[in-house]
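Worksheet: one structure, shown below.
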Amino acid sequence: MLERYVYKNQKKMRCGYTTGTCACAAAKAAACMLLSGRRIESVSVITPMGVELTLPVYEITMEQDSVTCAIKKDSGDDPDVTNGILIYASVSYIEGDSTDKRVVTDGGTGVGRITKKGLSRPVGEAAINPVPLKMIEEGVLEAAENYSYEGSLKVVISAPQGVEIAKKTFNPRLGIEGGISVLGTSGIVEPMSEQALLDTIELEMKVRRAGGKNYLIMAPGNYGLDFLREAYGIQDKDVVKCSNYIGQSMDMAADCKFQGLVLAGHIGKLIKVSGGVMNTHSRWADCRMDLFATAMLRAGFSADRARAVLDCVTTDDALALLSEEEREATIGQIMRSIEKYMEYRMADQMPVGAILYSNVYGILGKTSKVDTLMHLWEEENQ
């Protein structure tokens, strides 16, 4: 067990190690056993972060020309669907002069295959990211050097449980079929990594852009997906979930050179954007009622009416207090503020729009460019 910890929200949480580290360790162990002819019970690797790990080796099968073994994935306190699974490596000799490479790596059962452009590996290749691929190669070459072997070796990474696990991940949406991805840039898993989620959002955007899509629809979560499906007939697979990272997701979309973006969300989430809040998690900002009351004042309603909104618990409660006239004028003010801050964030990099809805009242408002952007999106997705 890795004794490395980080603190998240004042909680001490144990780190783990990535599928890439497991694949590297399994490949190195298998290569050592193949070249020495002796079983080993543990193997040491150094992660790209510089952390040295000594990991137990499981499921050893030794044959004359190949060795297979496994390393158990440990995600620490991170809620990772791959936690506890076995990552296998089979290492065998490559006879003759069939390749100039000392180490040839491929994916086996449970490791996905790339079917769409925009990922870090070419279409048709195993979903083993560049850093783990390099780790595997370096680990096997280290074993070869230790045993004075100058020939070539083939490595096949597999994860039998990965076929089912992949159905719980973003992989099918990203164009990775048949299994999980072998991931990791640092080799270490930090619990509840914000960067890991942002990387996933960016990767999904890159796949869509590489697939020729010019326009993007985003929603913070499942409520937004439900709304888009019911109101517009847009399927979940056609929407990028951006979680609370509104601003960073917009930045990534601009970096991907999309030509337009529509953000759809519940008023309880997106009203924060009307105050320039671009990370909408409640621990960063819970100013919903303050912004609602401010919008009422700017729309010309009395301080007493705005003060009544401040005592509400939810935005739906606040909407229920308003007359139809008050609701229309207040939402109009909120939409203008949302548009102002979204356009300020984009700085003319691309046109953006937002759709605001309520579970009770349906669509509440749209910014000025939404209808045009939705039309363009529909045209390229027919």
Side-chain angles (χ1 to χ4, degrees), residues 1-30 40-59 69-89 107 110-112 120 127-136 138-139 157-171 174 176 179-204 241 243-245 248 279 281 283-284:
M1 187 173 72
L2 176 61
E3 294 295 334
R4 183 183 178 90
Y5 298 88
V6 294
Y7 286 86
K8 299 281 185 178
N9 301 324
Q10 290 78 52
K11 292 182 180 179
K12 183 180 180 181
M13 307 190 78
R14 189 174 66 83
C15 297
Y17 41 87
T18 63
T19 48
T21 295
C22 293
C24 167
K28 182 179 177 182
I40 62 174
E41 302 303 324
S42 64
V43 62
S44 295
V45 294
I46 298 177
T47 68
M49 186 183 277
V51 177
E52 184 172 5
L53 301 172
T54 300
L55 304 174
V57 181
Y58 298 86
E59 303 282 331
C69 65
I71 301 292
K72 183 179 287 188
K73 170 71 186 298
D74 178 6
S75 300
D77 289 328
D78 190 67
D80 188 332
V81 292
T82 63
N83 186 47
I85 73 168
L86 291 175
I87 305 294
Y88 290 80
V111 172
S120 58
I128 304 174
N129 276 19
V131 172
L133 202 60
K134 183 180 179 185
M135 291 171 66
I136 292 165
E138 289 176 347
I157 304 298
S158 58
Q161 294 167 270
V163 176
E164 287 301 314
I165 288 173
K167 297 174 184 177
K168 304 174 185 177
T169 71
F170 280 97
N171 275 12
L174 295 175
I176 300 172
I180 61 171
S181 302
V182 179
L183 301 171
T185 54
S186 69
I188 298 297
V189 175
E190 289 197 0
M192 295 183 290
S193 168
E194 177 179 299
Q195 189 58 50
L197 179 54
L198 288 169
D199 288 347
T200 300
I201 295 168
E202 183 178 30
L203 186 58
E204 187 169 359
K241 282 174 65 174
S243 186
N244 292 295
Y245 307 109
Q248 286 162 291
N279 184 327
H281 196 289
R283 73 170 177 266
W284 297 116

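Since the structure is predicted, the reported quantities are computational estimates derived from the model, not experimental observations. Quick note: numbers below take in every heavy atom, side chains included, and nothing from hydrogens, waters or symmetry partners.
- When the side-chain hydrogen bond (donor to acceptor under 3.5 Å, both in side chains) test is applied to Gln248, no partner is found at least two apart in sequence or on another chain.
- Using a 4.5 Å heavy-atom cutoff, the side chains of Tyr17 and Leu55 are in contact.
- Here the side chains of Pro56 and Lys72 are not in contact, with every heavy-atom distance at 4.5 Å or above.
- Annotation for Gly187 and Thr21: closest pair O-OG1, 2.8 Å, computed over non-hydrogen atoms.
- Put simply, the side chain of Glu202 does not reach to within 4.5 Å of the side chain of Leu198, judged on heavy atoms.
- Residues Gly184 and Pro132 approach most closely at O-CD, 3.4 Å, considering heavy atoms.
- With sequence neighbours left out, the side chain to side chain contact (heavy atoms under 4.5 Å, CB included) criterion links Thr200 to Phe170.
- Closest of all the heavy-atom pairs between Cys69 and Ala30 is SG-N, 3.7 Å.
- Residues forming a side chain to side chain contact (heavy atoms under 4.5 Å, CB included) with Lys167 (at least two apart in sequence, or on another chain): Glu164.
- If you take CG on Asp74 and CG on Leu53, they are separated by 9.5 Å, rounding to the nearest 0.5 Å.
- Pairing each heavy atom of Val111 with each of Ser158, the nearest pair is CG2-CA, 3.9 Å.
- Listed for the Ser75 side chain is no donor-acceptor partner under 3.5 Å among the backbone atoms of Gly16.
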Quiz item: When you look at Val57 and Ile71, which way does the side-chain contact (heavy atoms from CB on, under 4.5 Å) test go after all the steps?
Solution: CA-CA 6 Å; Val57 181; Ile71 301 292; 4.2 Å; yes

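- Checked against salt bridge (Lys or Arg N to Asp or Glu O under 4.0 Å), Lys168 has no partners two or more places apart in sequence or in another chain.
- Here Asp199 pairs with Gln195 under the side-chain hydrogen bond (donor to acceptor under 3.5 Å, both in side chains) rule; sequence neighbours left out.
- Of all the heavy atoms in Glu204 and Leu174, the pair that sits closest is CA-CD2, 3.3 Å.
- For Ser42, there are no side-chain hydrogen bond (donor to acceptor under 3.5 Å, both in side chains) partners at least two apart in sequence or on another chain.
- For Asn279, the side chain to side chain contact (heavy atoms under 4.5 Å, CB included) criterion is met by Asn244, Tyr245, His281, Trp284, not counting sequence neighbours.
- Evaluation of the side-chain hydrogen bond (donor to acceptor under 3.5 Å, both in side chains) test over residues 43-53, restricted to residues two or more places apart or in two chains, returns Ser44-Thr54.
- Summarising the geometry, atom OG1 belonging to Thr19 is positioned 4.5 Å from atom CG belonging to Leu183; distances are rounded to the nearest 0.5 Å.
- The shortest heavy-atom contact between Ile188 and Cys15 is CG2-CB, 3.9 Å.
- Side-chain atoms of Ser181 and Asn129 include no donor-acceptor pair closer than 3.5 Å.
- Taking CD1 of Ile46 as the start and SG of Cys24 as the end, the distance is 10.0 Å to the nearest 0.5 Å.
- Residues forming a side chain to side chain contact (heavy atoms under 4.5 Å, CB included) with Ile85 (at least two apart in sequence, or on another chain): Lys73, Thr82, Ile87, Ala159, Gln161, Ile165, Ile180.
- Atom-to-atom distance recorded for Asn171:CG and Thr169:OG1 is 3.5 Å, nearest 0.5 angstrom.
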